[in-house]
Number of protein chains: 2
Amino acid sequence: MLRLSKLTDYATVILSFMAKDEIQVHAAMEIAAVTGIALPTVSKILKMLVNAKMLISTRGAKGGYILARMPEEISVAAVISALEGPIALTECSISHQSCEQASGCDIRGNWGLINQTIHNALESVTLADLTRPAAVPEEVMIPLSSLYR
Amino acid sequence: MLRLSKLTDYATVILSFMAKDEIQVHAAMEIAAVTGIALPTVSKILKMLVNAKMLISTRGAKGGYILARMPEEISVAAVISALEGPIALTECSISHQSCEQASGCDIRGNWGLINQTIHNALESVTLADLTRPAAVPEEVMIPLSSLYR
DNA sequence: TTAAATAGGACTAGAATGGTCCTCAATCGA
DNA sequence: TCGATTGAGGACCATTCTAGTCCTATTTAA
């Protein structure tokens, strides 16, 4: 199914809520209330996004979270990476250690291309695109052939 | 990590081996020996591919498996679907049942676009492309804006 | 000083995944 | 006809991963 984890899904929901008024500080509890996601889970996700330098946190009373960058500068690819690590379809695409497959590994190079293609697609969509349903994002072409050298 | 299951990875290895001489019938045991994947696992994958009408099987002595279509006509998207079901990043993209998120669901439409984009990318790469490392696949453009109405 | 928030990590239950195995059915060839 | 070979179908298990919860420490505003 090529699935994205539930947490990543939640993250996009949370981030798009925050993107609506990006200069406002939001507490975890507020976000939980608005999105309907349980507080501990929201909290966990927010911490991950802070670690990924995607959000900035303020501790203490009146504290909370705020976007570190403009919604236009936060790509879906970045969100996925923050929650799930590097975007790659296959194991070998990440760690280039020896893979034990006897004959199959000449495929790897091409998997790299597929990964690249998908990465480009995800990179081209930003939080801003997600929050504005009818908006047309900037034109992005992904000519497969250009990925081959 | 946006990961593909190991079985799907294996499937591509198996299929590319079979694509090398596509008119030959290959037994599961032979494939296991060549690819280095354990026989029961190979067997399981082959059965799935048969169910997906991607391979044709012959029972009995001298039996085995053969590609149902030409390598050029088998897309990576089809392989993934065969092993993992419909390609979709989020749950809601598959079953359009009500999703309980209070405010986040205006995002859904745009997730659909991302899914479509990725699907197109995977659809545009075929088994033939995977087996010929240096080959340039047919030019495929994926203008994001065209996906919006 | 107290209340409100986040930081960091441990922990658990449940689901999914990868992998194995067994029995039945079909086909070929001697 | 019979036996060997090969796939079909499904049950099954162990391990890993995921989602989700909770606890304690730290920071800050009032």
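Just so we're on the same page: letters track the sequence lines, and every chain starts at 1. Just so you know, these numbers come straight off a predicted model, no measurement behind them.
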- Can you list every pair that meets side-chain hydrogen bond (donor to acceptor under 3.5 Å, both in side chains) and has a residue in residues 64-82 of chain A, with sequence neighbours left out? A:E72-A:R132, A:S75-A:E123
- Task: Identify, with sequence neighbours excluded, every residue that meets ring-ring contact (aromatic ring centres under 6.0 Å, His included) alongside B:H26.
- Result: B:F17
- Message: At less than 4.0 Å, is any side-chain N or O atom of A:S5 found next to OP1 or OP2 of D:dA19? Yes or no.
- Response: yes
- For atom CD1 of B:I37 and atom P of C:dG18, their distance in whole Å: 12 Å
- Mind calculating the distance between NZ (A:K6) and C1' (D:dG20) to the nearest angstrom? 10 Å
- Query: Could you state the interatomic distance from CG (B:L130) to OG1 (B:T12), rounded to the nearest 0.5 Å?
  - Reply: 6.5 Å
- Message: Below the 4.0 Å mark, does C:dG18 have OP1 or OP2 next to a side-chain nitrogen or oxygen of B:Y10?
- Response: no
Taking distance alone, no hydrogens or angles, what donor-acceptor pairs closer than 3.5 Å link side-chain atoms of residues 40-52 of chain A to residues at least two apart or in another chain?
residue: A:N51; atom: ND2; partner: A:K47; partner atom: O; Å: 3.4

- Note on the structure: The contact string for nucleotides 4-16 of chain D, one letter per nucleotide 5' to 3', using protein heavy atoms under 4.0 Å with B, S and - for base, sugar-phosphate only and none, comes out as -BBSBBB------
- Which ILVMFWY residues can you reach from A:I23 by hopping between side chains whose heavy atoms are under 4.5 Å apart? none
- Note on the structure: Members sharing B:L39's hydrophobic cluster, built from side-chain contacts under 4.5 Å between Ile, Leu, Val, Met, Phe, Trp and Tyr, are B:M29
- Item | Atom-to-atom span, CZ of B:R3 to C1' of C:dG18 - whole angstrom | 11 Å
